[in-house]
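Computed from a predicted structure; not experimentally measured. Proteins get letters first, then strands, A, B, ... in listed order; numbering begins at 1 in each.
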Amino acid sequence: MAVRLCDVASLLRSGSWAAEPWTGQVIAAMETQLSNGPACNSTTNGPAAMSNNCSSPVESGSIEDSKTNLIVNYLPQNMTQEELKSLFGSIGEIESCKLVRDKITGQSLGYGFVNYVDPKDAEKAINTLNGLRLQTKTIKVSYARPSSASIRDANLYVSGLPKTMTQKELEQLFSQYGRIITSRILVDQVTGVSRGVGFIRFDRRVEAEEAIKGLNGQKPPGATEPITVKFANNPSQKTSQALLSQLYQSPSRRYPGPLAQQAQRFRYDRWWWLPTALVSFSRFSPVTIDGVTSLAGINLPGHAGTGWCIFVYNLAPDADESILWQMFGPFGAVTNVKVIRDFTTNKCKGFGFVTMTNYDEAAMAIASLNGYRLGDRVLQVSFKTNKTHKA
DNA sequence: TGTCATT
C-alpha cells in the first residue's frame with residue numbers, strides 16, 4: 001500500500017509547519033501554480049514540449065514498446081519512492097514503481113519509473129501529471145523507452161553557441177543526426193541571457209556520435225565562431241566523487257548515507273511534493289464563503305457505491321479536469337473527475353465532481369480544499385448532496 | 001556541465 005496522502009494532509013494541517021521560512025515563497029508560487037491550470041499539456045509547458053519527444057511508443061518504431069511503463073524526470077531531490085508511488089497511485093493501480101538512486105550515496109538521481117497495470121492509466125498519468133510543479137521542479141512524465149545499451153551515454157555537451165541561438169534552433173541543428181529526447185540551453189540566472197552552453201540528448205548513442213563527427217568544430221549557420229560538441233559528463237559520477245572525497249577528508253562531516261537520511265526525516269518531510277498552492281493554502285483556509293459556513297461533515301456525505309462523490313463549486317469557466325486531478329490526487333485515490341460544461345459554449349458551468357475511493361482521504365481533501373482560493377475564486381468543496389445533484 | 005532520461 002502506498003503512503004497515505006492523508007498523512008501528508010494531516011501534517012499540513014497540524015500547524016507545526018506554519019512558521020517555517022519557506023511559507024512565504026510557497027505562497028508566492030501558489031498564484032501561478034493552480035490559477036494557470038495544469039502545467040502539463042503536450043502543447044505547452046515543461047521540458048516535454050520542447051523536444052520531439054518520446055511520448056509515443058509508436059513513434060519510437062517498436063511495436064513492443066510498453067504502453068504501461070513511464071519514466072518520470074525532474075523529481076525533487078528528497079522525494080522518496082513511496083511518495084512517487086503515492087502520487088502516481090492516485091491515477092490508477094501501479095504494477096511497480098522505482099526511484100533511481102546513486103548506488104554509492106543512496107541519493108535520488110531525480111528520476112524514476114512507474115509501471116501501471118492498465119495502459120489507460122499510464123496515458124492518464126501523462127496527461128494529468130506531466131508538467132506538474134513539485135517544490136522547485138517541473139516534473140516530466142513520458143513513456144519509458146525499452147532499456148538497452150544503445151540508448152545509454154547519448155547526451156551531448158555543446159559550447160560556443162551563439163548567444164542568440166534558441167532551443168528550437170539548437171534542436172534544428174542537431175535533429176539531422178537523430179531523434180532528440182531532450183535539449184537545453186543554459187542561461188544566466190540573473191539576466192536570463194544564454195550562456196552559449198547547452199545539452200542535447202539523443203535517442204541512441206550512435207546518433208550522438210554522428211552529431212559529434214558532423215558538428216564539433218563547425219560554425220552553425222550565421223555564426224562567427226565554431227561550436228564544441230562532446231559527450232556530457234554523467235552527473236551521478238560527480239556526486240559519488242564529491243562524496244568519496246568528503247568521506248576521505250573529513251569523516252566527521254561526511255554526507256549522511258541512506259540510513260542516516262531516513263533517520264533525519266521528521267514529521268513534515270512530506271509536505272513538499274504537494275502542489276505548492278495546496279501547501280500554502282491551508283493556513284488561510286476560510287470556512288466562510290459568501291456568508292455561508294461550509295464545513296466538511298455538515299452535509300450528508302454522498303457515497304455512491306463506487307466511492308465518495310465530492311462537489312466542487314466556483315470553478316472558473318476555463319477550468320478543466322486536470323485541475324481537479326491536481327488538487328485532489330495528492331489526498332488519495334481519485335477514481336474520477338468531471339467538470340460540468342455548458343452544452344453549447346463548452347465552458348465550465350462553475351462546478352464539477354470528484355470521486356474518491358476512501359472516506360478518510362475524501363474527508364481530508366474536503367477539509368483542506370474547501371475555501372481554497374483558485375485564481376480569483378474561492379472554492380466550495382463538500383460531499384455531494386442530493387440537492388446538489390438536482391441542480 | 002544540466003531540473004541527474006533507462007531500472
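Nucleotide dT6(B) holds its P atom 17 Å from the CG atom of Asn115(A), rounded to whole Å. When the C1' atom of dC4(B) is taken as reference, atom CD1 of Ile181(A) falls 16 Å away, rounded to whole Å. Whole-Å rounding puts the Lys103(A) NZ to dT6(B) P distance at 11 Å. dT3(B) atom C1' lies 14 Å from atom CZ of Arg133(A), rounded to whole Å. Straight-line distance from the CG atom of Asp102(A) to the P atom of dT6(B): 13 Å, rounded to whole Å. Going from atom CG of Leu134(A) over to atom P of dT3(B) covers 17 Å, rounded to whole Å. With rounding to whole Å, Leu75(A) atom CG is found 16 Å from dT7(B) atom P. For Met79(A) and dT3(B), the CE to C1' distance is 14 Å, given to the nearest whole Å.
Residue-level contact check: Arg204(A) touches neither bases nor backbone, having no heavy atom under 4.0 Å from any strand. Note on Tyr111(A): only backbone sugar-phosphate atoms sit closer than 4.0 angstrom, heavy atoms only; bases stay farther off.
Judged by distance alone, with hydrogens and angles left aside, Asn73(A) brings no side-chain donor or acceptor close enough to the base of dT3(B) to form a pair under 3.5 Å. Side-chain N/O atoms of Arg145(A) and base N/O atoms of dT6(B) include a donor-acceptor pair closer than 3.5 Å.
Remark: aromatic rings of Phe202(A) and Tyr177(A) are distant, center separation not under 6.0 Å.
Ring-to-base geometry places Tyr157(A) in a stacked arrangement with dT1(B) (centre distance under 5.5 Å, plane angle under 30°).
For Phe113(A) and Gly110(A), each mapped to the nucleotide of DNA chain B holding its nearest heavy atom, the one lying further toward the 5' end belongs to Gly110(A).
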What verdict does the salt bridge (Lys or Arg N to Asp or Glu O under 4.0 Å) test give for Arg201(A) and Glu207(A), after you've listed the backbone C-alpha separation in whole Å, the side-chain angles of each residue and the deciding distance to 0.1 Å? CA-CA 9 Å; Arg201(A) 179 179 297 277; Glu207(A) 296 169 337; over 6 Å; no
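In the model, Glu83(A) has a side-chain atom that pairs as donor or acceptor with a side-chain atom of Thr80(A) under 3.5 Å.
Of the listed nucleotides (dT6(B), dT7(B), dG2(B)), dG2(B) has the atom at the smallest distance from the side chain of Phe199(A). Side chain of Arg195(A), nearest nucleotide from dC4(B), dT1(B), dT3(B): dT1(B). Nearest nucleotide to the Leu109(A) side chain, out of dC4(B), dG2(B), dT6(B): dC4(B). Distance from the side chain of Arg184(A) is smallest for dT3(B) among the nucleotides dT3(B), dT1(B), dT7(B).
Applying the side chain to side chain donor-acceptor pair (under 3.5 Å) definition to pairs two or more places apart or across chains, none involves residues 155-164 of chain A. Applying the salt bridge (charged side-chain N to carboxylate O under 4.0 Å, His left out) rule to pairs touching residues 212-224 of chain A yields Glu210(A)-Lys213(A), sequence neighbours excluded.
Thr138(A) has no side-chain polar atom (N or O) that falls below the 4.0 Å cut-off from OP1 or OP2 of dT3(B). Residue Lys137(A) places at least one side-chain N or O under 4.0 Å from the OP1 or OP2 atom of dC4(B).
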